[in-house]
Amino acid sequence: MPLFDKFASMAAAYDRLESIKSNPFNVAFDRVLSPTEAQIGNRHILLLGTNNYLGLTYDPAVIAKAVEAIETFGTGTTGSRIANGSYDGHGRLERELADFYGRKHAMVFSTGYQANAGIISTLAGKNDHLLLDADCHASIYDGSRLGQAQVTRFRHNDPDDLANRLRRLADTPGDKIIVVEGIYSMLGDAAPLREFAQVKREWGAYLIVDEAHSLGVLGETGRGLAEADDVEADVDFIVGTFSKSLGGVGGFCVSDMDGFDILRVVSRPYMFTASLPPGVIAAASEALHQLRTRPGLRHRLIENARRFYDGLSALGFTVGPEPSPVVSAVMPDPETAFAFWTQLLQAGLYTNVSLPPATPKGLALLRSSVSAAHTFDQIDHALGLFAEVGRALDIILPAPVRKAV
Ligand code: PMP
């Protein structure tokens, strides 16, 4: 059988999108002008689908540190830290992350995907059990496949289901390791982390929280959901990424557990890949400094998120269960999601289409992510475009006709 035949139905769907020049999975920006604006051809685009939560991608201090590091240390490390050595920025960033989280240990990976893969595949050994929230990110599921532990899924955000599954495993040997996320990337809902922490304590399990979408977003100092819910002491490992609120690329894990550093010589996604380039490390370090010293960014982000979420709800869209910087509008089917996305882009607004298997419950979503860098005018403009397209596609009701008295 020809090698690519197994992708035939996917290829046909993809070709269809290409042929009508409406492919949300293949967008190229000709220029990016700021955290919230770009250009495709001559068209000016308002960016509302970038995960650039704090808008730090063009921060002058972050750029200056990155440039300085490139000029001093070159463009890349050309190898893994165990084989080819660390540069001074790697260790410094790890100490800064440990300090930020108030933990003893921190380890930097080359992406958030690899942080999850590296931690999950290694911590959970052959006789151990991973209990994963059903809606966890692909990197968490892929990490569990890379390892040899038994994998159990529990119902999304359901501590009772988790407790039932731990009860069934009570007499089975091996460690039990629970993995949940802070804010979920598709619908923007947060985990009931206090309840999960209680279940974890009750059953003597370990708890990993992926704060990819909640770092810099939640908590008094921006540490994420564990901080916001005051359960940091119950979270054994926090995983995160530099690719969202920190505006760069890379991933990390922090922990207080003794022996943590052995992961550097047993975690394959850490060992067998090149370490982050000096410029990327320096940018992440400065962005973390900005996150810590400019709480106003987080407050502005929350204000913007609420304005957009409330605005879409008021228009009659079905949105996720709570306001967050990830705001998704539920579409009746993938075709409508593509049509909606295309019309928005033609009108100058960039969002994301999210489809199963990436989405929960088989939903077709038009996903937006809000930034601290958006102005209220930009948010209101986006809401106006959603209203127009939503009405044209019969997803929301027509605007009420106002009658003069
Ligand atoms: N975890 C979650 C919850 C994510 O949404 C993502 C990226 N979308 C990742 C991990 C992977 O992060 P990165 O893009 O830095 O590899």
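These numbers were taken from a predicted model, which means no experiment stands behind them. Counting convention: from 1, in listed order, for ligands and their atoms alike.
- Judged as a ring-ring contact (aromatic ring centres under 6.0 Å, His included), and not counting sequence neighbours, Phe237 has no contacts.
- A cation-pi arrangement is present between Arg307 and Phe376, with the terminal nitrogen or guanidinium carbon under 6.0 Å from the aromatic centre and inside a 45° cone about the axis.
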Open item on the list: As a quick check of understanding, evaluate side-chain hydrogen bond (donor to acceptor under 3.5 Å, both in side chains) for Tyr101 and Arg223, giving each step before the final call.
Closed with: CA-CA 7 Å; Tyr101 282 97; Arg223 290 202 293 262; over 6 Å; no

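- Between Phe4 and Phe7, the ring planes are tilted. Angles from 30° to 60° get that label.
- Within the 4.5 Å cutoff, the side chain of Ser368 has heavy atoms near those of the Phe386 side chain.
- Residues Leu166 and Glu202 are not in side-chain contact: their nearest non-hydrogen atoms beyond the backbone lie 4.5 Å or more apart.
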Can you pull every nitrogen or oxygen pair between ligand 1 and the protein closer than 3.5 angstrom?
from     : atom 1 : to     : atom 2 : distance (Å)
ligand 1 : 1 (N)  : Asp210 : OD2    : 2.6
ligand 1 : 5 (O)  : His213 : NE2    : 2.7
ligand 1 : 8 (N)  : Lys244 : NZ     : 3.0
ligand 1 : 14 (O) : Ser243 : OG     : 3.4
ligand 1 : 15 (O) : Gly112 : N      : 3.0
ligand 1 : 15 (O) : Thr241 : OG1    : 2.6
ligand 1 : 15 (O) : Ser243 : OG     : 3.0
ligand 1 : 16 (O) : Gly112 : N      : 3.2
ligand 1 : 16 (O) : Tyr113 : N      : 2.8

